[in-house]
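All values derive from a computational prediction rather than experimental measurement. The chains referred to below are lettered A, B, ... by the order of the sequence lines, with proteins before strands, and numbering in each begins at 1. Both backbone and side-chain heavy atoms feed into the values below; hydrogens, waters and symmetry mates do not.
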There are 2 protein chains.
Amino acid sequence: MARWQPNASERLVAAALELFEERGYEHTTVIEIAERAGLTKSTFFRHFPDKREVLFGGDTMAGLLAKGIAAAPATATPFEAVAHAMDAVSREAFTPARREFGARRRAVIAAHPELREREALKGLGLTASMTEALKRRGVPDLAACVAAELGALALKIAYECWSDTTDGDDFGEVARRTLGDLQAASQTLGLSGRSAP
Amino acid sequence: MARWQPNASERLVAAALELFEERGYEHTTVIEIAERAGLTKSTFFRHFPDKREVLFGGDTMAGLLAKGIAAAPATATPFEAVAHAMDAVSREAFTPARREFGARRRAVIAAHPELREREALKGLGLTASMTEALKRRGVPDLAACVAAELGALALKIAYECWSDTTDGDDFGEVARRTLGDLQAASQTLGLSGRSAP
DNA sequence: AGGGTGATGGGACCAAGTGCCATCACATTG
DNA sequence: CAATGTGATGGCACTTGGTCCCATCACCCT
């Protein structure tokens, strides 16, 4: 037994998600979240820097992606390195247990501009992290940018697909497939030529 | 002559930019911004929905991009349509007069997470707007996503290049060139093959 | 001259976020 | 067993962003 009720952070996340679903993000007070978790406002801000962050806690994604890219075989192309990172992230962060939570979280975020704003910032962080990791592999700057951008897009799309069902492929498979589809799509947008003769 | 001092919005923007440069974003109060512009807090929030938005006023970009894409020749590929939108936006929004302002604005935004967050959200808006416009041209969903994403990336990079010098190419040229470079880069990241034999 | 209109000023008010100090539960040490 | 230390929590005061409502002012129109 711990000193107080254990898992304060997780209780706060759960309380916040429930209240956001019930009353909406902007009609929910930090004090209300804390009270539902059996805590106080002070404690809330000791666990999260601000109200939005309660839904963006696990900030390990960027690091996992970077490590995954760094750990890819030296012979891997940029896209293959990104795909390698997807697998890493899938094993550590997108466990099957978080699937339903992901769907609820996503719905709440989509409904509130303030939360979408935070999500956008997190997306930039992921992109930057992947870009740096690719550059460290010797990938030229612009190529690293593009690969990271498409990797982040694949993550986003795959997250939607994955969290929308309770069964089916695990996250890694969905993400790899999505990345492949994006790669294929990017071949069809020719700048100077037409798509068909 | 107007009733009161004219150009209230612009005065607020100028005051805010100056104060953010002098004291930093978080050490500047909305009241201070308003006072420097010869106005009050009430009036500030009548012109801008929140403190961040004072640096993101001209919200015409998304519309201009969408119109530019819609106006591209029917035979244009997705990338060409995006390039067409760059030109439109260049003529209407990125006038030479705003070049120095752009550099100062960019420096302030880069220095403060809260502002970068807002910028990230604006970026999502641009991407979404371009994606929709491309879909309306009949471009398949995924292809539209990728083209819009790379278009937004090109805009971002081009904005940095363009605002970093007081002379040189106008925005449209920089953006088109950047888009071409990204297109070329995207061909070098092969998913299944290697870059060289 | 008198009323309409739109932008502004001012103040009350709520919630987010910060800082400081007291408190409590448990562990450690003598 | 008693004293002390430590880390998580509670509570309170305070600043600031942001909202609301109403009074006021400058100008236009009739």
Exercise for review: Compare the minimum distances between each of D:dT9, C:dG9, C:dT18 and the side chain of A:L39, then state the nucleotide with the smallest one.
Suggested key: D:dT9
**Study point:** Among D:dG17, D:dT9, C:dG19, the one nearest B:V30 by side-chain distance
**Key:** D:dG17
Revision key, fill the gap. In short, B:V139 meets B:P78 closest at the heavy-atom pair CG2-CG, 3.9 Å
Study note, to complete from the structure: Of A:R46 and A:T29, the one whose closest nucleotide on DNA chain C sits nearer the 5' end is A:T29
Exercise for review: Could you tell me whether A:T28 contacts a base, only the sugar-phosphate backbone, or nothing, with contacts defined as non-hydrogen atoms closer than 4.0 Å?
Suggested key: sugar-phosphate
Check your understanding: Looking at the side chain of A:R52, which of D:dG10, C:dA16, C:dT8 is the nearest nucleotide?
Key -> C:dA16
Point to revise | A:K51 NZ/CZ over A:Y25 ring centroid, <6.0 Å and within 45° of normal | key: yes
Revision key, fill the gap. The nucleotide from C:dA16, C:dG9, D:dG11 with an atom nearest the side chain of B:S42 is C:dG9
Point to revise | Pairing of A:R23 and A:E32 as salt bridge, 4.0 angstrom limit | key: yes
Check your understanding: Between B:K41 (NZ) and C:dA7 (C1'), how many Å, whole number?
Key -> 19 Å
Revision key, fill the gap. Between CD of A:E114 and P of C:dA16 the distance, given in whole Å, is 9 Å
Check your understanding: What is the distance, rounded to the nearest whole Å, between atom CZ of B:R118 and atom P of D:dG17?
Key -> 14 Å
Review point. Expressed in angstrom and rounded to an integer, what is the separation of A:L12 atom CG from C:dG17 atom C1'?
Key: 16 Å
**Study point:** Selection from D:dG10, C:dT18, D:dG17 that lies nearest to any side-chain heavy atom of A:T43
**Key:** D:dG10
Exercise for review: Find the distance A:D50:CG to D:dG17:P and express it as a whole number of Å.
Suggested key: 15 Å
Exercise for review: Identify whether the distance between the nearest side-chain nitrogen and carboxylate oxygen of A:D170 and A:R91 falls below 4.0 Å.
Suggested key: no
Study note, to complete from the structure: note: A:F48, atom CZ; C:dT18, atom C1'; distance rounded to Å ~ 18 Å
Practice item. Check the hydrophobic clustering (I, L, V, M, F, W, Y; side-chain heavy atoms under 4.5 Å; chains of links allowed) and say if A:V89 and A:F56 are grouped together. Key: no
Review point. When you check the phosphate oxygens OP1 and OP2 of C:dA7, does a side-chain N or O of B:H47 lie under 4.0 Å from one of them?
Key: no
Study note, to complete from the structure: Picking from C:dG17, D:dG17, C:dT8, the nucleotide nearest the side-chain atoms of A:K51 would be C:dG17
Check your understanding: What's the CZ-P distance between A:F44 and D:dG11, to the nearest Å?
Key -> 17 Å
Study note, to complete from the structure: Side-chain contact check for A:F45: nearest option of D:dG17, C:dG9, C:dA16 is C:dA16
Practice item. Could you tell me the separation between the CD1 atom of A:I31 and the P atom of C:dA16, rounded to a whole number of Å? Key: 7 Å
